[in-house]
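The next block holds one structure in the form of structure tokens; read it before the comments.
Not measured: the values here are computed from a predicted model.
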Amino acid sequence: MSKISGKLQCDEYPFVSTLEGAAGKDWDFSVRAVPQADNSSADGTLVAYYNTDRVLA
């Protein structure tokens, strides 16, 4: 996730936290500018899901 301008951020799918995520060297994921508040909220929801359901790395 990186800030692109104003109140928008660039977010990726699949999530960086997944095996297929955007952490790889190849461009095999999609990105889109999303509102910063929505992106932060989605990040918090995803982390809460990982913690509640004990999704481990």
- prompt: Can you find a pair of side-chain heavy atoms, one from Leu46 and one from Tyr50, that are under 4.5 Å apart?
  reply: yes

Between Leu8 and Ala33 the two heavy atoms that sit nearest each other are CD1-CB, 4.2 Å

Main-chain N/O of Ala37 paired with Ser41 side-chain donor or acceptor, under 3.5 Å:
no

What is the distance from atom [atom1] of [X] to atom [atom2] of [Y], rounded to the nearest 0.5 Å?
X	Y	atom1	atom2	result
Asp38	Asp11	CG	CG	10.5 Å
Gln9	Gln36	CD	CD	4.5 Å
Arg32	Asn39	CZ	CG	12.0 Å

Sequence neighbours excluded, the answer for side-chain contact (heavy atoms from CB on, under 4.5 Å) partners of Asn51 is Val47

